*Asks:* 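A single structure is presented below for examination.
As the structure is a computational prediction, the values presented were derived from the model and not from experiment. Numbered from 1 within each chain, the chains take letters A, B, ... in sequence-line order.
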Amino acid sequence: MARTASRNIGQSIPRLEAREKVTGRAEYVHHLRLPGMLYGKIFRSTVPHARIKSVDVSAAQALEGVYRVVTIDDIREAIPHPYYGPAFHDQPILADGKVRFAGEPVAVVLAADPHIAQEAVGLISAEYEELPAVFDEVEAMSSDVLVHDVLKPAATFPDLKHLAGRTGTNVALDYHLLRGDPEAGFAAADHVFEHTYRSQQVMHIPMEPFVSVADAADGRLTLHTASQSPSFVRIEIARLLGWPENRVRVKVPYLGGGFGGKLYIKLEALVTALSLVARRPVKVALTMEEQFFMVTRHPCTFTIKSGVNKDGTIVARTCKVVWNGGAYADIGPRVTQKAGFTSAGPYDIENVEIHSYAVYTNRPPCGALRGFGAPQTAWAYECHMDEIAEALGMDKVAFRRKNLLQNGRPQATGTIVQDAALEQALDQVADRLNWNEPLDRGDGRIRRGRGIAVGFKGITAPTTSVAIVNLYADGSCGLYISTVEMGQGSDTVMAQIAAEVLDMDAAAIKVVHPDTDVTPYDMGTLGSRSTFHMGTAVRLAAEDARKKIAELARELGLPEGSNLPLPELFRRKYGMQAGNIIGTASFIPKYEKPDAETGHSRNATPFWGVGASGAEVEVDTETGHYRITKLVNVADVGTALNPKLVQVQLSGAGIMQLGFTTTEEMVYRDGQLTNGSLADYKIPTLLDIPPEFINEHVDSEQKDGPFGGKGAGESTTIALSPAIGNALFDAVGVRLTDLPLTPEKIFRALCEANGTPLAGE
Amino acid sequence: MKAPDFDYVRVRSLDEALAALAAHGEGARILAGGQSLVPALNLRLLAPEILVDIGGIADLSGIALADGTIRIGAMTRHADLERSPEIARHVPLLARAVREIGHPAIRNRGTIGGSLAHADPASELPACVLALEARIVARGPSGERTIAASDFFRGLYETALGPDEILVRIEIPAAAAGERFAFHELARRHGDYAMAGIAALARDTGAATLRIAYFGIGSRPMLAAGAAAALRDHGASEAGAAAAVRALGADLEPQSDLQASAALRMHLAGVLLRRALKDLFPDAAGGREEEIA
Ligand SMILES: Cc1cc2nc3c(=O)[nH]c(=O)nc-3n(C[C@H](O)[C@H](O)[C@H](O)COP(=O)(O)OP(=O)(O)OC[C@H]3O[C@@H](n4cnc5c(N)ncnc54)[C@H](O)[C@@H]3O)c2cc1C
């Protein structure tokens, strides 16, 4: 793309906050101590589903140094309807008569010393009348065990309205799409394939655990919180309190990782209630272990069926996707819908039917996690693609290429695909794997193989970003946005965009961190949306500021193009160093709500996230242990506004997904999490990164994105798992359908394939 | 989480340490490198009254060779074993095994005495000292006693040490000419505790002195005596190897956990044995093999 060289766009400008962070000066909520602040420690349920008969807090209350022990009854005094959630108002601030998962908060001890609070938690006891529980998403679809008696959708989601008051079901949302006539497609197809794949429950593991501080006094509330969505926090807390938004102030400094976990309301409702009850500032900071009970990623069971002709054309596909949402809906219904509509994969298929269900179970809640469901669906459709190609005897890349959606063609919703470099990404991965060269597969106990996969995702819509560019009297610039800098580099990229318009250096721009009293609305730092949405708002706000500078120059009678420096303009206008130029803009992309029955929409997504992955593996057939010798990820990020930051996003997402693919899984026994610590729940370390680890972006452009850019934070999560699963199959000829891909599963599959069961079984 | 409250004393001599243990009985815990004890405290699996830090007792660390025996002080760090030329020369099995313990930061702090006293069944060093026929020297109120490694490990995190005793050193016969060893382990991630591992030693070129120890399989490190006997009887031929693998069924009591099922562990024990035999007896068993841990 011919673009004139810019000092900002396309430059790997070092992160603005790098020095602050590496010198340990960056502020995080964990550091915050307010005068008179109390610490809250949580007493949690030990059973997955039960009626609470009684909670005995007397011994805890009696411990010296304990300020107060709080249960839901106390919270009701401050907040009469203490239920919250972004999609359903289903989550009580503390357990209310019932517990719905083991680990659910039941009571909180407040003390000036967190260690005393923790000790007192150990003195609380609860009596439960246990209820039958349901943990598996498919079982929960038809189980008599009901996690909630009645569905309580939030008013903020008009498309959930029809679910209000529904009883007798665990299904929190059903999403449907129909295109063409799949049954007729299957009937006419040469072959029909059907497979079921499962993804496991995993967790975000931000290195900074969840933490919030509330300071309520004199009818006002200030929240300091590690949140990805300060604007949402303000709206939801104001709703809970029945207060106007301007009495709730939400401040977010840097975040030590979010990955979708720190979205919507997490600890904020609890600390707010505690501060109101105690009339003191209150901080709740989770331990690493407690994070497993806050929010997790949806387990998913996906049955996919395809009708395929001899020449490899896919003519029909049906998808039944069941999402295990855990005990509270969180944003699960949105995951169900957004990942639902792309669950047939990035292929041009005439007849498609999709049913996607969000289901309640008695597990910790599931919400957004880097990829927003796309990795779970791609795990299924891209393994399925390989199984079909294998059965047809077709080359796996050629089979995909034949069916790939091209720009200008309608996706299953009917939305015309634009600026989605699917084929480029696939080809680039194939190229890096030397796909057309033979691979030495080995013939002894070590076998080698390679696999490839490609996927895409839609972006949450419609969502709004607002930006303010403030030029001060000396001409320097503050950028006021509610985008949260959580390690992804948003401060730097947003400054680059503003600087490009204002003809400044990005490093000279001060990015003001989210403070709802100061920075304007943003829907949230989530789902790869910030660069595209906030980036556009920032560009428009900077253009607005430029327009106002020109107006000021005209007002001062200066000739067009006089180019007087801004401080001089201010001096001429105000007679001294004074004044501001304030540029503002908001951005909401075009969107059409999908039809409730057919799922059709002419504008289902603001843009497409595209990722392709490839892997080479070596498998020890005697043990099932394997080594990923090469891992390639290629994404379409539009124009790389900051290539270095793009690199870090792609590799970071890749390493995260590598853990979700190979080692990570929340394991339960009778509804109890058995590996809820980093000793037993194994995330990849630096040494587990494949020796050859290539992350690249294709040369592309998002034409309606800011300077051609779009989101980059999730693309490499999409296709990585199936690339590895497909490589394992290629190496040893066994197909694993359930994540994670453990050596034991591989070895057992080999035993089964060879008809040599393990001794003793 | 953070540890429950405890008192702390840093002692300067063994006598002081023994006195502290005598004074507090079961309420006292020795603190060596802290790499197992401190995590256990933080997870609140233990709540001792007092920690007796033996890190300041100078004569508890060090490696010395005398009269064909290597003596390793209990406070000798994993990293010291890793870098020691004496260990590399005279106890090459230890030099090999110690590299697999956790990560550099852990090896910088963790000690051999702590590892043996802690007796994690998935730890490398306990199995090594079994294979090496080491003697473990403990000091208590009534003086020193020597415990054979094969009598030391009693069960899950359980040893022959009394609550009033301190492990002071380990004595290992220095490697003789012609001695061979084998060491293999399988783990889920780099640096993890083993899900199955083997440490084997033959004091001469034949199978007569062969000792095979396993870790990460059962509730304690275990000697596979039956398998060793089968190899003594049949040699390291294919027939011997097959008989040895069969004998493992009686030698081992594999357990299921998050990392692997008991049945898989039993299978892996056999695989590791065959690999070990290839290292020990390359002529009989045919060449070494590449490993994907
Ligand atoms: C992340 C991590 C990974 C690890 N990975 C591995 C691994 O892969 N393999 C492995 O083997 N180990 C591993 N370890 C443990 C490490 O090797 C420890 O150092 C070792 O198990 C204990 O040694 P220590 O000196 O730290 O003992 P401490 O933790 O101080 O003590 C452990 C126990 O032994 C007792 N004790 C210590 N010294 C004596 C003594 N002289 N006499 C009597 N009792 C004593 C203590 O009272 C305590 O009960 C890991 C540890 C961590 C934190």
*Asks:* Quick one: what part of B/D192 sits under 4.5 Å from any heavy atom of chain A, side chain, backbone, both or neither?
*Replies:*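 Side chain of B/D192 only, per the 4.5 Å heavy-atom cut-off to chain A.
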*Asks:* Looking only at atom types and distance, does a side-chain atom of B/R189 sit under 3.5 Å from a main-chain N or O of A/I683, one as donor and one as acceptor?
*Replies:* yes
*Asks:* Return yes if some donor-acceptor pair links the side-chain N/O of B/R188 with the main-chain N/O of A/T662 below 3.5 Å, else return no.
*Replies:*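 Present.
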*Asks:* Can you give me the closest heavy-atom contact between A/A759 and B/A263, atom names plus distance?
*Replies:*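 Here A/A759 and B/A263 meet closest at O-CB, 4.0 Å.
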*Asks:* Do the side chains of B/S261 and A/R748 get nearer than 4.5 Å, heavy atoms only?
*Replies:*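 Answer yes - side chains close enough.
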*Asks:* Count the heavy atoms belonging to other residues, nucleotides or ligands that lie under 6.0 Å from CG of B/D5, then report whether that count exceeds 12.
*Replies:* no
*Asks:* Should we say atom CD of B/E253 is surrounded by more than 12 heavy atoms from elsewhere, each under 6.0 Å from it?
*Replies:* no
*Asks:* Atom NE2 in A/H625, atom CG in B/L268: separation rounded to 0.5 Å?
*Replies:*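 Taking NE2 in A/H625 and CG in B/L268, the distance rounds to 6.0 Å.
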*Asks:* May I ask you to decide whether A/E622 forms a salt bridge with B/R275, counting only side-chain N to carboxylate O separations under 4.0 Å?
*Replies:*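 Salt bridge flag = yes for B/R275 with A/E622.
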*Asks:* From B/Q259 CD over to A/T742 OG1, what is the distance, rounded to the nearest 0.5 angstrom?
*Replies:* 10.0 Å
*Asks:* Non-hydrogen atoms of chain A under 4.5 Å away: do they reach the side chain of B/L264, the backbone, both or neither?
*Replies:* both
*Asks:* Assess whether atom CD of B/E158 is packed by more than 12 heavy atoms of other residues, nucleotides or ligands within 6.0 Å.
*Replies:* yes
*Asks:* Side chain, backbone, both or neither: which part of A/T674 has an atom under 4.5 Å from a heavy atom of chain B?
*Replies:* both
*Asks:* Using non-hydrogen atoms and a 4.5 Å limit, figure out which bit of A/L687 sits close to chain B: side chain, backbone, both or neither.
*Replies:* both
*Asks:* Let me confirm one number: the CG-CD distance from B/L258 to A/E665, rounded to the nearest 0.5 Å.
*Replies:*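 Here the interatomic distance stands at 9.0 Å.
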